[in-house]
Chemist: 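Shown below is the structure under consideration.
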Amino acid sequence: MSKSQEKTLVVVESPAKAKTIEKYLGKNYIVRASMGHLRDLPKSQFGIDVENDFMPKYINIRGKGDLIKSLKKEAKHADKVYLASDPDREGEAIAWHLAHILNIEEHEACRIVFNEITKPAIQEAIKSPHPINLDRVDAQQARRMLDRIVGYKLSPLLWRKIRKGLSAGRVQSVTVKLICDREKEVQNFISEEYWTIGVQLREKPKSVLFDAELITAQGEKLAIGNEEQAAIVTDALEKETFCVQEIKKRQRQRKAAPPFITSSLQQDASRKLGFTSRKTMMLAQQLYEGIDLGRKGPVGLITYMRTDSTRISEIAQKEARDYIEQEFGIDYVPEKPPVYAVGKKSQDAHEAIRPTSVEFVPAEISKYLAKDQLKIYTLIWERFIASQMNPAIYDTLTIAIKAGEYGLRAAGSQLIFPGFTAVYTEGKEKKDKDVFLPELKIDQKLVLQEVLPKQHFTEPPPRYNEASLVKILEEKEIGRPSTYSPIIETILARGYVVRVEKKFEPTELGFVVIDMLEEYFKSIVDAKFTATLENELDEIAEGKVEKNHLLREFYGPFAKTLEHAEEAIGHVELPVEVSDIPCELCGRMLIVKQGRYGKFLACPGFPECRNTKPLLKEMGVSCPKCGGNIVERRTKRGRVFFGCKNYPDCDYVTWDTPLKETCPTCTSFMLKHHYKNGRALLYCSNEACETRVDHPINKELEKLREKAAAKEAAKTEPESAAVPVKAAPKKTRSKAKKTAVKKPANKKPILKKKIETKE
């Protein structure tokens with residue numbers, strides 16, 4: 001092409017995206033990255049002129065001067081400039097700020113958007129540029145300014161009344177309150193005893209056993225509250241004759257789940273893979289922006305990952321249907337493509353999260369992906385394919401059994417057509433197992449093998465984990481899918497909650513702050529009020545509500561409440577827990593403090609005395625090397641491991657949790673190994689124990705040893721054999737992280753059915 005032809009500058013958000021898009025555009029296109037936002041409210045001041053109709057003061061972000069200068073220069077020499085930031089409100093605001101910096105008129109057709117980074121999508125976007133959507137920009141600005149008002153006005157109050165360094169956020173505070181409320185439920189819960197009674201029956205002597213459960217007595221639902229009642233019922237059942245009363249046969253369909261939206265991806269990645277929301281979104285962003293597939297170059301593998309819509313394009317549906325028919329057969333293809341309902345608050349601006357092409361089968365491109373990238377891509381690919389398949393079909397059999405005044409029920413289920421389960425099952429649960437029942441007849445007598453009473457206790461509601469917290473935020477319409485990950489990261493960083501065994505627990509500080517906010521700023525921590533604000537932000541984006549109207553409605557009452565709280569609240573003293581351990585430097589008794597990674601011991605004489613020590617939680621287990629106590633410790637990154645209290649004299653260390661439970665064979669203490677998917681495995685701590693022969697933990701521990709050895713071998717300088725107790729876990733973690741990011745994973749094919757590589 002000649003030099004006289006027009007040059008077009010396309011500005012995207014990230015370099016990875018720029019590299020992928022550049023491949024699809026000709027020589028006359030220059031693709032550059034803005035690296036996210038280039039302008040924002042200043043950090044050093046409030047930045048909103050409340051008296052001047054909430055006029056924001058935007059400044060160029062520090063450190064981006066050279067990038068801004070470079071983009072201005074490129075724009076000056078270009079004939080056209082297209083702003084291609086992400087297709088959401090945040091992306092629209094980035095485009096608006098870019099237009100200001102590059103002197104582009106707001107109403108000029110300079111904005112291009114695409115839901116996937118593929119050649120057809122990019123070329124179609126280039127053909128249809130449009131002006132920046134100012135309503136969506138206003139919605140983003142309104143959210144940013146609301147958060148700034150709450151954060152910059154309320155946080156100083158917390159500094160003065162509680163302690164310096166605290167902060168309050170509009171959405172984060174509600175999230176912390178949810179966690180605090182759940183913790184109160186757990187603490188106030190009173191467990192109650194109850195019993196269930198099962199029986200083992202046979203069709204006739206020596207035939208196959210099957211199970212039934214006691215349901216009713218004298219036609220009423222039976223509740224057994226203690227052992228005495230259970231014993232009475234057990235004795236009565238042992239004397240009764242069991243007879244088939246009713247048989248119901250039917251077919252049950254189990255439909256596939258819809259393709260992923262942002263929140264369901266975060267939940268499933270947490271349940272199945274043990275990933276945090278932050279990690280899930282980071283990996284999904286990488287897949288969206290493009291992965292180098294060898295000769296094919298950089299390819300965007302999934303559609304935009306911030307979406308609340310389950311909609312799928314007709315082209316993608318047809319491609320999926322063709323693939324399913326080819327690989328599984330016509331029986332797996334629905335007569336019509338499935339249509340999934342969207343939530344009542346769904347903006348439906350984008351498609352669901354799906355592969356840009358089903359041709360990119362996970363097994364076939366695994367060598368180009370890092371291990372964790374492959375896991376997320378496989379999850380997305382399988383969920384999408386499954387969502388376009390026919391339901392699974394089960395034959396179910398329910399048998400009502402009479403035993404005197406008691407009624408029992410036996411239930412059986414058999415999979416007769418796998419449907420979508422050939423590809424994907426939800427959560428971390430395994431596929432449904434078949435439960436077989438014998439062919440019985442009405443009034444047929446049955447042989448009782450055994451009555452099995454079982455004691456239970458009611459349990460408190462579970463603390464929130466990553467998946468359940470995202471789910472409740474979505475249900476209560478707190479924040480939006482794209483904000484769930486930063487919300488969780490913020491409340492952890494502020495020290496309001498901690499993650500204990502993958503569950504969130506509020507700290508003392510979290511309780512104190514929420515109690516104060518609930519008393520004086522009830523609306524700030526009210527879930528309904530926050531959800532209403534989110535809905536009004538949606539209405540701004542739709543052009544139904546004016547931005548400054550919302551800000552005025554919020555700021556007036558908030559300012560009055562702030563003024564009242566300043567006068568009414570005295571200094572809040574955080575409760576101090578004094579330990580029985582003296583400070584080695586000054587003799588004061590150390591106190592327990594809460595840090596980002598949990599509790600630790602510190603001298604109350606700070607800042608004169610800055611002595612700190614880890615708070616060691618004893619596990620009640622003796623060290624197998626020296627007989628000392630094994631204690632819980634943490635790495636610098638906050639990861640829990642266990643080691644001997646006598647370190648450095650004793651170097652015993654393990655990632656796995658020591659238990660007071662002993663091995664029945666050798667009486668050594670047991671260890672619990674936790675897999676990333678949440679599964680746990682018990683094993684004896686004594687390597688010489690016969691229970692360790694051919695135990696699955698041996699392979700797992702060998703992998704960890706190989707990673708640690710490879711890490712040592714990679715070092716340029718030799719180190720001494722004496723490794724500090726904290727360093728050992730850190731090395732294993734470091735190696736694991738390196739493998740996840742850099743080493744390509746050679747995975748087996750994802751589907752049971754072998755998929756041949758296409759030429």
Side-chain angles (χ1 to χ4, degrees), residues 181-182 184-255 391-416 426-427 429-430 432-463 468 471-472 475:
D181 288 347
R182 177 56 57 89
K184 289 174 183 176
E185 289 181 59
V186 172
Q187 292 173 356
N188 296 331
F189 183 81
I190 299 173
S191 183
E192 295 181 3
E193 180 184 8
Y194 71 99
W195 288 69
T196 58
I197 296 181
V199 297
Q200 287 189 327
L201 300 168
R202 297 181 191 271
E203 183 182 2
K204 54 188 177 182
K206 296 186 179 180
S207 64
V208 178
L209 285 169
F210 66 94
D211 296 323
E213 184 182 1
L214 179 62
I215 304 296
T216 62
Q218 297 179 343
E220 300 291 329
K221 187 174 180 180
L222 182 62
I224 304 173
N226 54 51
E227 188 174 4
E228 290 74 23
Q229 294 174 3
I232 293 170
V233 175
T234 299
D235 290 342
L237 284 172
E238 288 174 344
K239 299 171 185 175
E240 294 290 352
T241 300
F242 290 79
C243 178
V244 177
Q245 187 177 31
E246 186 180 28
I247 298 174
K248 289 183 180 179
K249 293 182 179 180
R250 66 185 181 91
Q251 277 195 348
R252 174 175 66 89
Q253 285 192 350
R254 183 181 163 201
K255 294 183 178 180
I393 301 175
Y394 299 83
D395 271 345
T396 64
L397 178 64
T398 304
I399 301 174
I401 300 167
K402 188 78 172 172
E405 65 178 20
Y406 298 106
L408 301 93
R409 183 174 61 210
S413 176
Q414 184 177 359
L415 178 67
I416 60 172
E426 288 184 75
E429 301 299 325
K430 295 180 180 178
D432 292 344
K433 290 183 179 180
D434 290 338
V435 178
F436 296 98
L437 292 177
E439 287 290 333
L440 302 174
K441 298 177 182 178
I442 302 293
D443 296 330
Q444 181 176 344
K445 299 288 191 295
L446 300 172
V447 178
L448 174 66
Q449 174 70 20
E450 188 177 6
V451 181
L452 302 169
K454 189 172 183 180
Q455 184 185 38
H456 307 271
F457 291 92
T458 56
E459 295 183 352
R463 293 181 175 94
S468 59
K471 185 177 180 182
I472 194 69
E475 287 176 357

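Reckoned from all heavy atoms, side chains included, excluding hydrogens, waters and symmetry mates.
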Chemist: Between Ile247 and Ile442, what is the shortest heavy-atom contact and its length?
Modeler: N-CD1, 3.7 Å
Chemist: For residues 185-199, pull every pair meeting salt bridge (Lys or Arg N to Asp or Glu O under 4.0 Å), keeping only residues two or more places apart or in separate chains.
Modeler: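 Passing the test, one end in residues 185-199: Arg182-Glu185.
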Chemist: Please answer whether the main-chain N or O of Leu440 pairs with a side-chain N or O of Gln444 as donor and acceptor at a distance below 3.5 Å.
Modeler: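 Pair absent, no side-chain N/O of Gln444 close to backbone of Leu440.
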Chemist: Who pairs with Tyr194 by ring-ring contact (aromatic ring centres under 6.0 Å, His included), at least two apart in sequence or on another chain?
Modeler: His456
Chemist: Taking only residues two or more places apart in sequence, or in another chain, which ones meet Ala231 in a side-chain contact (heavy atoms from CB on, under 4.5 Å)?
Modeler: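 Once residues adjacent in sequence are excluded, Ala231 has no partner under the side-chain contact (heavy atoms from CB on, under 4.5 Å) criterion.
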Chemist: State whether the number of non-hydrogen atoms from other residues, nucleotides or ligands found under 6.0 Å of Lys471 atom NZ is greater than 12.
Modeler: no
Chemist: Can you name the residues that form a salt bridge (charged side-chain N to carboxylate O under 4.0 Å, His left out) with Lys249, not counting sequence neighbours?
Modeler: Glu439
Chemist: Is there a side-chain contact between Phe242 and Leu237 (heavy atoms, below 4.5 Å)?
Modeler: yes
Chemist: Mind listing the side-chain donor-acceptor pairs of residues 407-415 below 3.5 Å, one per line with the distance, residues two or more places apart or on another chain?
Modeler:
none

Chemist: Tell me, please, which residues at least two apart from Asp181 pass side chain to side chain donor-acceptor pair (under 3.5 Å).
Modeler: Lys177
Chemist: In chain order, what residues pass the side-chain contact (heavy atoms from CB on, under 4.5 Å) check against Lys445, with sequence neighbours excluded?
Modeler: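 Here the qualifying residues are Thr241, Cys243.
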Chemist: When you look at CD of Gln251, are more than 12 heavy atoms from neighbouring residues, nucleotides or ligands closer to it than 6.0 Å?
Modeler: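 Yes, enclosed.
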Chemist: Please report the interatomic distance CD(Gln245) to CG(Asp443), rounded to the nearest 0.5 Å.
Modeler: 9.0 Å
Chemist: Over all heavy atoms of both residues, which pair between Tyr394 and Arg254 is shortest? Give the atoms and the distance, please.
Modeler: OH-NH1, 3.6 Å
Chemist: Could you give the side-chain donor-acceptor pairs of residues 197-213 under 3.5 Å, partners two or more places apart or in another chain?
Modeler:
| from | atom 1 | to | atom 2 | distance (Å) |
| --- | --- | --- | --- | --- |
| Arg202 | NE | Gln449 | OE1 | 3.2 |
| Arg202 | NH1 | Ser207 | O | 2.4 |
| Arg202 | NH2 | Gln449 | OE1 | 3.4 |
| Ser207 | OG | Glu203 | N | 3.2 |
| Ser207 | OG | Lys204 | N | 3.0 |
| Ser207 | OG | Lys204 | O | 2.6 |

Chemist: For the residue pair Val186 and Pro461, what are the closest heavy atoms and their distance?
Modeler: CG2-O, 3.4 Å
Chemist: Hey, could you give me the OG1/CD distance between Thr234 and Glu450, rounded to the nearest 0.5 Å?
Modeler: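 Answer for the OG1-CD pair, Thr234 versus Glu450, is 10.5 Å.
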Chemist: Among all residues two or more places apart in sequence or in another chain, which pass the side chain to side chain donor-acceptor pair (under 3.5 Å) test with Glu475?
Modeler: none
Chemist: Please round to the nearest 0.5 Å and tell me the distance separating atom CG of Leu214 and atom CG of Leu222.
Modeler: 5.0 Å
Chemist: With sequence neighbours left out, what residues match Gln218 under side chain to side chain donor-acceptor pair (under 3.5 Å)?
Modeler: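 With neighbours one apart ignored, the set is Glu405.
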Chemist: List for me each residue that meets side chain to side chain donor-acceptor pair (under 3.5 Å) alongside Ser468, sequence neighbours excluded, and say none if there are none.
Modeler: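 Once residues adjacent in sequence are excluded, the partners of Ser468 under the side chain to side chain donor-acceptor pair (under 3.5 Å) criterion are Asn465.
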Chemist: For Phe457 and Ser191, work out which heavy atoms get closest and say how close.
Modeler: CB-OG, 3.4 Å
Chemist: Identify the heavy atoms of Gln253 and Ile393 that sit nearest to each other, and give their distance.
Modeler: CG-CG1, 4.2 Å
Chemist: Can you name the residues that form a side-chain contact (heavy atoms from CB on, under 4.5 Å) with Glu240, not counting sequence neighbours?
Modeler: Ala403
Chemist: Which distance, rounded to the nearest 0.5 Å, do you find between the CZ of Arg250 and the OG1 of Thr398?
Modeler: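 Between Arg250 CZ and Thr398 OG1, I get 6.5 Å after rounding to 0.5 Å.
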Chemist: Could you pull out the closest heavy-atom pair between Pro453 and Val451, with the gap in Å?
Modeler: CD-O, 3.3 Å
